[in-house]
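Here the structure is a predicted model, which means the values were calculated and not measured. Order of the sequence lines sets the chain letters (A, B, ...), proteins ahead of strands, with each chain counted from 1.
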Number of protein chains: 2
Amino acid sequence: MAKNKTLKFENPKVTVDIIIFTIEDNKLKTLLIKRKSPPFKGKWALPGGFLKKDEDIYNAAQRELNEETGIKGVYLEQLYTFGEPKRDPRGRVVTVAYFALVPRELMKIKAADDATDAKLFSIADSPVLAFDHRKILNYALYRIRNKIQYTNVIWSLLSKKFTLTEIQKVYEIIWGRRIDKRNFRKKLLSLGLLKSAKETLTGLRQRPAKFYSFKTTKYVELKRFF
Amino acid sequence: MAKNKTLKFENPKVTVDIIIFTIEDNKLKTLLIKRKSPPFKGKWALPGGFLKKDEDIYNAAQRELNEETGIKGVYLEQLYTFGEPKRDPRGRVVTVAYFALVPRELMKIKAADDATDAKLFSIADSPVLAFDHRKILNYALYRIRNKIQYTNVIWSLLSKKFTLTEIQKVYEIIWGRRIDKRNFRKKLLSLGLLKSAKETLTGLRQRPAKFYSFKTTKYVELKRFF
DNA sequence: TCAAAAGTGTTGTGTGTACACCCATGT
DNA sequence: ACATGGGTGTACACACAACACTTTTGA
């Protein structure tokens with residue numbers, strides 16, 4: 001572009017924000033941090049931060065994820081880029097939003113140095129958020145609800161071993177409706193992507209459930225899935 | 001984030017690049033421009049440019065689209081944000097890619113002031129592209145091929161009146177396979193989203209085809225579509 | 001009258017959905 | 001023995017896929 005028009009351009013700051021989804025107490029939750037500094041000091045917000053020099057955007061997202069949860073190597077996908085001129089009162093800030101899917105028991109939540117607190121909120125009743133983070137969160141929710149229908153990425157919310165009832169619950173929680181147990185199992189097992197372990201879930205006063213695990217960690221596009 | 005570490009951050013430039021899809025001669029094509037200035041002077045590239053001050057990203061994409069094709073108000077969707085540190089030899093440039101779906105006859109192609117030429121290339125045999133634009137184009141192609149399966153957005157490639165054979169060709173071109181005429185028509189019409197016009201396509205030495213048009217310009221999520 | 005594409009139905013197969021009872025365990 | 005969730009099969013409806021011939025026009 002023409003060098004003599006540089007006044008018309010600007011150098012925005014670029015941030016990365018992350019929606020960290022997990023399942024706890026049969027609810028879909030996301031990690032929020034309480035902001036230590038202005039703007040929106042004391043308000044809850046999505047974890048995130050500025051892109052560093054020579055840092056790839058995806059790596060920045062991984063870094064932020066790790067700073068808040070101590071996790072590496074989970075499912076992390078670019079969601080959308082938000083760049084309305086007024087979305088940050090400090091000036092022009094373009095943010096690239098990512099979302100992560102994390103098994104609850106892998107998370108070690110800690111407030112990073114830009115936050116005074118960090119905790120999981122149920123999507124249904126989370127507080128008022130800083131910036132346009134509510135919009136971003138809603139879009140992430142929309143995306144994951146679509147994605148559940150044609151990929152198996154949401155299996156990333158489960159731990160290595162799980163029962164069929166557990167995986168069904170994940171679908172019910174995200175999909176937001178009850179599923180018939182027999183039909184669910186029939187279809188799920190027919191994909192041929194699970195193998196049953198020898199262990200069972202004992203200690204409950206009921207018939208023990210078989211554990212299953214994934215044959216592969218690859219993500220698969222499914223024709224349609226519920 | 002900490003103010004005393006500003007050296008570690010940087011202010012990237014932010015650009016918008018657009019993949020403008022259209023159909024011409026029974027082929028899926030995209031608009032490329034020949035770069036007037038370094039880097040990659042003389043090379044073909046996706047149309048795009050820097051984000052202006054106080055300009056929303058989506059508006060920037062619309063502006064770029066309009067500068068190259070004279071079009072407004074067509075389907076335009078954010079694709080992905082590419083931000084590898086070395087993707088632009090001039091320095092750190094993060095680009096937000098959009099794709100547009102445009103009926104061929106609405107386009108008035110003109111080289112904007114950053115280009116010496118602009119023309120449509122068939123996706124199948126397009127030239128070597130500047131920057132990481134080949135990767136971006138490939139991703140756009142992937143996206144549109146998926147999208148065809150569960151939305152009707154690709155109807156945006158058609159003009160207001162069209163025959164059923166024309167819309168079927170769009171599907172065949174993007175989907176990359178032949179479709180049975182009877183099954184296609186049955187399913188398409190069963191959606192209830194088309195109305196038949198009174199006019200027919202005459203002047204060819206064959207039976208005249210009925211024209212159809214869309215009942216609505218809204219985009220619809222379909223369960224699955226071929 | 002001929003070439004070229006438009007238009008039109010039926011049948012078999014597979015997939016989704018609805019639905020109810022017995023089983024294994026811990027207390 | 002009983003409460004609790006685990007585990008299993010069948011029947012119907014619907015959607016998809018395969019398939020060929022007649023019609024209308026312009027030259």
Side-chain angles (χ1 to χ4, degrees), chain A residues 23 25-26 146 148-152 158-159 161-213 220-226, chain B residues 23 25-26 148-152 158-159 161-173 175-213 220-226:
Chain A
I23 287 187
D25 303 333
N26 282 339
N146 273 314
I148 195 177
Q149 295 173 72
Y150 59 94
T151 78
N152 65 344
L158 292 160
S159 39
K161 306 250 177 208
F162 49 88
T163 66
L164 294 183
T165 300
E166 281 165 2
I167 192 170
Q168 182 176 341
K169 282 224 180 87
V170 173
Y171 277 88
E172 290 180 336
I173 290 165
I174 296 178
W175 202 209
R177 62 163 88 139
R178 282 323 228 22
I179 303 172
D180 180 84
K181 190 166 39 162
R182 280 168 292 191
N183 292 338
F184 179 82
R185 288 169 183 227
K186 205 186 314 168
K187 180 149 190 194
L188 188 69
L189 294 174
S190 76
L191 297 174
L193 298 173
L194 299 186
K195 57 184 175 197
S196 66
K198 288 181 184 112
E199 303 90 25
T200 53
L201 175 59
T202 55
L204 301 170
R205 34 186 298 183
Q206 67 202 61
R207 180 171 173 176
K210 263 188 239 161
F211 277 116
Y212 285 79
S213 64
V220 179
E221 302 254 325
L222 312 169
K223 276 280 173 58
R224 179 169 31 153
F225 202 77
F226 293 100
Chain B
I23 287 187
D25 303 333
N26 282 338
I148 195 178
Q149 293 174 73
Y150 59 92
T151 78
N152 65 345
L158 291 161
S159 38
K161 305 250 177 208
F162 50 87
T163 66
L164 294 181
T165 301
E166 281 166 2
I167 192 169
Q168 182 176 342
K169 282 224 180 88
V170 173
Y171 276 89
E172 289 180 335
I173 290 165
W175 202 210
R177 61 163 87 138
R178 279 326 225 21
I179 302 172
D180 179 84
K181 191 169 32 163
R182 280 168 291 191
N183 292 339
F184 179 82
R185 288 169 182 229
K186 206 185 314 166
K187 180 151 188 191
L188 188 69
L189 294 174
S190 76
L191 296 174
L193 298 173
L194 299 187
K195 57 183 176 199
S196 66
K198 286 177 186 119
E199 302 90 28
T200 53
L201 175 59
T202 55
L204 301 170
R205 32 186 299 186
Q206 68 202 51
R207 178 169 176 176
K210 262 188 239 158
F211 278 116
Y212 286 79
S213 65
V220 179
E221 302 253 327
L222 311 170
K223 276 280 172 58
R224 182 172 25 158
F225 203 76
F226 293 98

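From D180(B), atom CG reaches atom CZ of R185(B) across 10.5 Å, with rounding to the nearest 0.5 Å. To the nearest 0.5 Å, atoms CD1 (I173(A)) and CG (N26(A)) are separated by 4.5 Å. The line from CG of L158(A) to CD of E166(A) is 7.0 Å long, rounded to the nearest 0.5 Å.
Distance, E199(A) CD to dA24(C) P: 20 Å, rounded to whole Å. The CG-P distance, from N26(B) to dA5(C), rounds to 11 Å in whole Å. Rounded to whole Å, atom P of dA18(C) lies 14 Å from atom CZ of R178(A). dG7(C) atom P lies 13 Å from atom CZ of F184(B), rounded to whole Å. Put simply, CD on Q168(A) is 11 Å from P on dG7(D), counting in whole angstrom units. Atom CD in E166(A) sits roughly 11 Å away from atom P in dG7(D) (whole-Å rounding). Remark: P of dC19(D) and CD1 of I179(B) are 16 Å apart, rounded to the nearest angstrom. Rounding to whole angstrom units, CZ of residue R205(B) and C1' of dA6(C) are separated by 16 Å.
The side chain of Q206(B) has dA5(C) as its nearest neighbour among dA18(D), dG7(C), dA5(C). Picking from dG5(D), dA3(D), dT23(D) the nucleotide with the shortest atom distance to the side chain of R207(B) gives dT23(D).
In this structure, K181(B) reaches the bases: a heavy-atom distance under 4.0 Å links it to at least one base atom across the strands shown. Counting any heavy atom pair closer than 4.0 Å across all strands shown, L164(A) reaches no nucleic acid atom. Looking at heavy-atom distances under 4.0 Å, T165(B) makes contact with sugar-phosphate atoms alone, never a base.
Heavy-atom nearest nucleotides on DNA chain C were determined for P208(B) and for P208(A), and the one closer to the 5' end corresponds to P208(B).
Applying the 3.5 Å distance criterion, the base of dA20(C) shares a donor-acceptor pair with the side chain of R182(A). With hydrogens and angles ignored, a donor-acceptor pair closer than 3.5 Å exists between the side chain of K186(B) and the base of dT10(C). With hydrogens and angles ignored, no donor-acceptor pair under 3.5 angstrom links the side chain of R185(B) to the base of dA6(C).
A 4.5 Å side-chain heavy-atom check between V220(A) and L191(A) finds every atom pair outside the cut-off.
The shortest distance between the side-chain N/O atoms of K187(A) and the OP1/OP2 oxygens of dG16(C) is below 4.0 Å.
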Given L189(A) and Y212(A), is the side chain to side chain contact (heavy atoms under 4.5 Å, CB included) satisfied, shown in steps? CA-CA 10 Å; L189(A) 294 174; Y212(A) 285 79; 3.9 Å; yes
